[in-house]
Each structure stands twice: as structure tokens, then as C-alpha cells.
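When a ligand or atom number is given, it counts from 1 through the structure's own listing order.
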Amino acid sequence: MDKIIIEGGKPLKGEVKISGSKNATLPVLAATLLTDETCILRNVPKLLDTNTMIKLLKSLGKDIEWDKDKLIIMSNGKPNPVADYKMVSTMRGSICVLGPLLTKLGETKVSLPGGCVIGVRPVDLHIKGVEALGAKVTIDAGYIIAKSKRLKGTRVYLGGAAGPSVLGTANIMMAATLAEGETIIECAACEPEVEELANFLNEMGARIRGQGSPRIIIQGVNKLHGADYRMSADRIEAGTFILLAGMTKNSNIVIKDFDYHQLTSLDDVLKKVGVIVKVEKNAVRVKPPKVLKPVSVTTYPYPGFPTDIQAQYMAMMALTDGVSVVRDTVFPDRFMHIAELNRMGARIRREGGSAIIEGVKELCGAPVTASDLRASAALVMAGLVARGKTEIRRVYHLDRGYENIDKKLMALGASIKREKE
Ligand code: UD1
């Protein structure tokens with residue numbers, strides 16, 4: 001297992017290019033199960049999570065190869081409807097093979113993903129959706145077993161206690177593409193990744209409209225074909241670099257090749273914090289203010305403040321000149337990073353689904369342990385601005401979602417290296 005060692009306090013300067021979106025790529029990869037024809041995906045980020053999805057697709061009847069930066073996905077004629085526990089348990093995103101396998105093969109058995117450190121991760125909305133489309137679903141020995149003749153279009157409300165579900169919407173949208181008649185998803189997730197999946201499905205011959213809004217309408221078709229598609233940039237990676245640039249003294253970073261409009265909620269908050277963000281063509285130049293102002297945020301589904309940059313934002317709030325509150329309504333238990341940030345001198349306490357952060361003048365390097373993907377990013381950011389040395393263990397979490405992060409940071413002037421533990 002690797003660990004990352006950071007010598008903090010270096011100003012960061014230069015340009016960083018944002019990679020393809022992890023959360024858009026995972027369901028798009030799953031969508032290739034809807035056709036026997038070849039699909040080509042470009043700008044796929046080379047990450048642990050995309051590799052896990054590729055392995056899962058191979059186990060489900062796909063031959064997949066890289067041709068430089070293109071990912072070529074072909075059918076090997078032996079479809080398998082069973083998504084095994086070993087793979088699904090390492091990555092929750094694998095749940096999005098449920099809809100495509102069911103609608104294409106008429107049956108599927110997908111391991112329940114289980115919980116993870118960011119909290120309980122139910123799948124009731126996924127099951128509700130496929131049942132509404134006519135599938136018979138049973139849970140047996142840790143697996144969701146779903147069977148159906150051709151699915152039938154319907155109107156289905158997919159809102160849960162915490163709002164819409166991103167992958168739930170993705171699953172039902174994919175299932176509905178090959179269903180008979182029209183499906184209307186109400187309270188659909190509006191995340192750009194759902195929109196991107198719908199665009200990819202339409203390239204495959206699906207008939208979807210309303211993506212990006214809470215009502216998605218899908219007209220079922222008999223067959224989908226192959227497509228050649230370029231993945232868009234990762235808004236969460238971009239947000240992470242923007243926050244890092246905004247909290248690192250004397251830095252001046254250009255973050256490029258992504259769509260800043262997808263981060264309007266972050267832009268709004270950063271203005272109040274005092275961070276200077278200059279929007280250039282397909283890029284932003286970010287400079288830190290003299291003093292970071294404390295600004296409270298609450299996470300919400302898109303276009304609200306993303307839960308996936310809550311931990312990174314907390315690292316920034318640790319260094320303000322006052323008190324702020326960060327509340328997570330999407331994953332109210334996603335606070336594993338608090339204890340680790342406190343080991344670095346932060347003053348954060350948790351109260352239910354909120355964290356109360358008293359800003360400190362500086363953080364100091366310490367040995368810390370990464371608990372999940374975005375928490376790891378928060379620790380890297382804290383380490384980069386801290387006085388002295390930070391050692392981050394279990395960095396495989398980071399490799400799940402940030403392509404070449406140590407190389408990108410090194411190019412900006414960070415002192416960061418990777419060692420075997
Ligand atoms: C996706 C993202 C993840 C992000 C999350 C919220 C991927 C691979 N992952 O995860 O990075 O943090 O969206 O933006 O794209 N819920 C239910 N019942 C369900 C499903 C979800 O109650 O059947 C709840 C969840 O517990 C959570 C909320 O709904 O409170 C949102 O979760 P959801 O949008 O489903 O997250 P994912 O799609 O799994």
C-alpha cells in the first residue's frame with residue numbers, strides 16, 4: 001500500500017488540466033451493456049474506480065482494451081447477468097449495472113453494495129424504480145435478483161428522504177431506454193453526470209429528454225447501437241483544485257479544460273470567503289485572499305453545494321478568521337475527516353449532521369489516515385498548506401478518484417512524494 005509524504009507551505013503556481021469525470025464515466029461504462037455493438041469512449045480517467053468498472057464489465061461479457069487514450073468496449077458474445085460481490089463491494093458505483101443488465105437480458109443478480117464510511121447507502125430507490133417498470137425483485141444472500149419480461153414504461157417518483165438519487169436515476173433511465181412505451185422519472189437527479197449519461201444514451205439511439213431537470217422522459221426503443229463519445233471534465237476534481245488554490249498562500253493557479261458553470265454553488269461561496277476567481281476561456285485563475293472569511297454551507301443535490309467537495313471545503317474553513325458551520329444533508333455521516341484534520345491542529349467538532357469549525361492561524365503536519373476518497377483529498381490539501389511534514393496512509397482512496405494527483409501537484413511546485421508503506 002502506498003503512502004503520500006508532503007512537505008507543506010510551498011506556494012503553488014502554474015496550470016493544471018482537469019481529467020475526465022469519474023462519476024460520469026462509471027454509469028456511461030455501465031450503459032455500454034445495453035448494446036452488443038462496439039462503443040468507444042474518450043477522455044476516460046485512468047483511476048482505480050474506472051478500472052474496477054472495466055473489470056466488472058469484463059466479467060459481464062465485454063472485451064475492453066485501451067488504444068492510447070481511447071477505451072474500446074466490445075461484446076464477446078457471452079453475456080453474464082451476475083455482478084459479483086467481490087467487485088460491487090469495492091465500489092458502490094457498480095450498482096448501476098442493475099438497470100442495463102435487467103432491461104437487456106431480462107434478468108440480473110447484482111450484489112448489494114453494502115454501506116461505506118460515508119454512511120448507510122440504501123438502494124431502495126433503485127429497487128422501487130425497476131419494480132415500477134414491472135420487474136420482480138427479491139433479495140437473497142446479499143444479492144438483488146431482478147427478473148422481468150420486457151419492462152413497461154411508467155411514471156415513477158424517485159425522491160427519497162435525502163432527495164433524488166444520482167445512480168438511482170441513472171439506473172432507471174438506462175432500464176427505461178429499452179422498455180415498452182414511455183417512462184417519466186419525477187424527482188430525477190439533476191447532476192451534470194446524469195445529463196451526460198442521457199446524452200450518451202441518445203448517441204446510442206435512445207430517446208430521452210428533460211435530462212438535467214427533475215423530470216426526465218424516456219421513450220423506449222427496441223435496440224441501442226454503439227457510440228463514440230468523449231467524456232467531459234470532472235467538476236469535483238476542478239472544485240478540489242480551486243479550493244486548494246484559494247487556501248494556499250502566495251499561489252496563482254490556472255485550472256483548465258472544464259465547465260465552471262457546473263460549480264456555480266461553489267463560486268457563490270468562494271466570493272464570500274474572499275477567494276479571487278477570474279474566469280477565462282474554459283479555465284479559471286484562482287488566487288487566495290489575505291484572510292479567508294468563514295462562510296457556512298449546506299450540501300444539497302445539484303445545483304446545490306456538492307457533498308463531494310464538503311471535506312475539501314472544510315479543510316479551507318479550518319483556516320479562516322472565525323467560525324463556520326458545514327452541514328451535509330446528502331450524507332449526514334460523512335465526517336470521518338474531522339478527527340484527522342484535528343490531528344493537524346484544526347478545531348472542528350461534530351454536532352449531528354453538521355461540523356462546527358473554529359478557524360486557526362495555521363495547521364501543522366502530522367501522520368494521518370485517509371478514510372474515503374474526498375476525505376483523502378481534504379487531507380492532501382491540509383498537508384500542502386500545513387507547517388512541516390504530513391504523512392497520509394491508505395492513499396488508495398485518493399487513487400480511486402484523482403488521476404495522477406501527485407504528478408499534477410508536483411508540477412505546480414508542491415513537495416509531495418509517494419512511498420510504499
Ligand atoms: C453519487 C456519486 C457520489 C455522490 C452522490 C451524491 C457516483 C459514482 N457517486 O452516489 O460521489 O456523493 O451521488 O451526489 O456517481 N439514497 C436513498 N435510497 C437510494 C439511494 C440513495 O435513500 O436508493 C440516499 C443516499 O443515502 C443519500 C442520497 O440518497 O442520502 C443521495 O445518494 P445518491 O445520489 O444515490 O448517491 P450515489 O448515486 O450512490
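Environment of NZ in Lys417: sparse, with no more than 12 heavy atoms of neighbouring residues, nucleotides or ligands closer than 6.0 Å.
In this structure, His337 and Phe335 have tilted ring planes: the angle between them lies in the 30° to 60° band.
For Pro192 against Gln262, the heavy-atom pair with the smallest separation is CB-NE2, 3.5 Å. Considering every non-hydrogen atom in both Ile185 and Thr169, the closest pair reads CD1-O, 4.1 Å. Contact detail for Pro79 and Leu105: the closest heavy-atom pair is CB-CD2, 3.9 Å.
The atoms of ligand 1 that sit less than 4.0 Å from any heavy atom of Arg92 are 39 (O). With ligand atoms numbered from 1 in the order given, ligand 1 contributes 23 (O) to contacts under 4.0 Å with heavy atoms of His126. Listed by atom number, the atoms of ligand 1 under 4.0 Å from Thr307 heavy atoms are 6 (C), 12 (O), 14 (O). Distances below 4.0 Å separate heavy atoms of Arg334 from the following atoms of ligand 1: 12 (O).
With a 4.0 Å cut-off on non-hydrogen atoms, Phe331 touches ligand 1 through its side chain and not its backbone.
Relative to atom 17 (C) of ligand 1, the option among Pro122, Pro113, Gly93, Gly160 with the closest non-hydrogen atom is Pro122. Closest heavy-atom approach to atom 33 (P) of ligand 1 among the candidates Leu26, Ile127, Thr25, Val166: Val166.
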